[in-house]
Amino acid sequence: MGHVILAGMMGSGKTTVGRIISHNTARDFIDTDHLIEKQAGMSIFEIITMKGEDYFRKVEKDVILSLSPGSPSVISTGGGAVMDDDVFLFLKRIGKTVYLKASPDTLYKRTANIEVRPLLKEGNRLHIIQELLHKREFRYLESDIVIESDNISPNEIAEKIIMRLQL
Ligand code: S3P
C-alpha cells in the first residue's frame, strides 16, 4: 500500500500522530518540513520570512516530488503542500492519503505558538485559519480517508488510522 501520508491544516496533529503511527507500525517517519529545512539550511520560518512563500512552495514541491516510493513510511506534509496539483497526484500515487480534519477552533487552540508559523503571524489568527481552511478543504477532502481529530487524543487518532488502513 506504500506510504501513509498525513495531510491537513497546521495544528491538525500530523507530526504528533505521524510519529505515533511510525512507532506503532515500525515504519520510518518523514516530515516534509524537516526535509525542506535540511535542504535549504534554514528554518521554515526563515525561508518564508526572508525568501517569501513562493520560494518556499518551490522548495516544498521539489522535496516532495523527490521522495522515494520505496520503503513504506509515514509522511507528514506541510499544511499547504497538497494544494499543488502535481504534489497531490504524486502523493496519491506513492501511498494512502489521510486528512486529519479539525475545526477552526481546535486549530486555533493548537497553533498558539505562532513563532514557528509565519503564515499565522500577521493579522487575526482565527480568521486566517478559517480562510485557509475554506480555500483548502476541498483538496484535503480528496484524501483516501478522512479522520475527525477534534476531541480525540493523538493516540486514538493514530489507532483509528492503523485500523482503517490495516497497517
Ligand atoms: C504551512 C504549514 C506548515 C509549514 C509552513 C506552511 C501551511 O507546516 O509547511 O509554515 O501553508 O499551512 P505544518 O502544517 O506542519 O505546520
Side-chain angles (χ1 to χ4, degrees), residues 3-23 27-67 73-88 90-92 95 97-143 145-150 152 154 157-158 161:
H3 300 301
V4 176
I5 297 149
L6 302 178
M9 290 281 290
M10 292 172 262
S12 58
K14 292 165 293 185
T15 303
T16 310
V17 169
R19 283 191 190 284
I20 298 170
I21 300 174
S22 147
H23 179 262
R27 286 167 169 247
D28 285 341
F29 177 67
I30 297 169
D31 184 329
T32 61
D33 280 343
H34 186 67
L35 294 181
I36 295 166
E37 290 181 331
K38 270 207 325 209
Q39 172 146 330
M42 284 191 264
S43 68
I44 300 291
F45 186 88
E46 286 168 338
I47 301 172
I48 293 182
T49 51
M50 290 160 58
K51 302 225 172 189
E53 186 178 343
D54 287 353
Y55 177 82
F56 168 72
R57 295 295 171 203
K58 263 198 235 140
V59 182
E60 180 174 58
K61 183 168 180 169
D62 281 356
V63 162
I64 294 180
L65 294 186
S66 58
L67 286 170
S73 306
V74 182
I75 301 174
S76 166
T77 58
V82 295
M83 299 315 293
D84 182 285
D85 292 344
D86 299 335
V87 167
F88 186 64
F90 176 78
L91 290 171
K92 287 221 122 187
T97 49
V98 180
Y99 170 31
L100 291 190
K101 186 171 176 3
S103 68
D105 281 351
T106 299
L107 297 169
Y108 179 75
K109 287 187 198 129
R110 295 199 196 132
T111 51
N113 181 12
I114 51 165
E115 279 318 305
V116 294
R117 299 211 150 93
L119 296 187
L120 302 181
K121 236 166 71 85
E122 315 293 341
N124 179 311
R125 184 158 49 92
L126 184 59
H127 286 171
I128 302 172
I129 288 171
Q130 285 165 332
E131 267 178 30
L132 282 177
L133 185 59
H134 183 70
K135 272 198 230 148
R136 292 175 175 178
E137 197 164 39
F138 82 94
R139 173 49 53 80
Y140 293 149
L141 288 170
E142 291 173 342
S143 300
I145 63 172
V146 177
I147 301 283
E148 299 279 344
S149 82
D150 291 316
I152 140 167
I157 299 170
I161 295 170

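Treat the numbers as computed from the prediction; the structure is a model and nothing was measured. All residue numbers refer to positions in the sequence shown, counting from 1. Start at 1 and go down the list; that is how both ligands and their atoms are numbered.
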Trainee: Are the charged groups of Lys135 and Glu131 less than 4.0 angstrom apart, N to O?
Mentor: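 Not counted as a salt bridge, because no side-chain N and carboxylate O are separated by less than 4.0 Å.
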Trainee: Between the protein and ligand 1, which nitrogen or oxygen pairs come in under 3.5 Å, and how far apart is each?
Mentor:
from, atom 1, to, atom 2, distance (Å)
ligand 1, 8 (O), Asp33, OD2, 2.7
ligand 1, 9 (O), Asp33, OD1, 2.8
ligand 1, 9 (O), Asp33, OD2, 3.2
ligand 1, 11 (O), Arg57, NH2, 2.6
ligand 1, 11 (O), Gly80, N, 3.4
ligand 1, 11 (O), Arg136, NH2, 2.7
ligand 1, 12 (O), Gly80, N, 3.4
ligand 1, 12 (O), Arg136, NH1, 2.7
ligand 1, 12 (O), Arg136, NH2, 3.4
ligand 1, 14 (O), Lys14, NZ, 2.5
ligand 1, 14 (O), Gly79, N, 2.9
ligand 1, 15 (O), Asp33, OD2, 3.2
ligand 1, 16 (O), Arg117, NE, 3.4
ligand 1, 16 (O), Arg117, NH2, 3.4

Trainee: Check step by step if side chain to side chain donor-acceptor pair (under 3.5 Å) holds for Tyr99 and Glu137.
Mentor: CA-CA 9 Å; Tyr99 170 31; Glu137 197 164 39; 2.6 Å; yes
Trainee: So which of Lys92, Arg139, Lys61 actually passes salt bridge (Lys or Arg N to Asp or Glu O under 4.0 Å) with Asp85?
Mentor: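 It is Arg139, the one option of Lys92, Arg139, Lys61 that forms the salt bridge (Lys or Arg N to Asp or Glu O under 4.0 Å) with Asp85.
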Trainee: Using modelled atom types only, decide if a donor and an acceptor are shared between the side chain of Arg110 and the backbone of Met10 within a distance under 3.5 Å.
Mentor: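 Side chain of Arg110 to backbone of Met10: no pair is present.
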Trainee: Less than 4.5 Å apart, side chain to side chain, heavy atoms only: is that true for Arg117 and Phe45?
Mentor: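 Counting from C-beta outward, Arg117 and Phe45 never come under 4.5 Å.
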Trainee: Taking side chain as C-beta onward, heavy atoms only, is Val98 less than 4.5 Å from Ile5?
Mentor: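 No, their side chains stay 4.5 Å or more apart.
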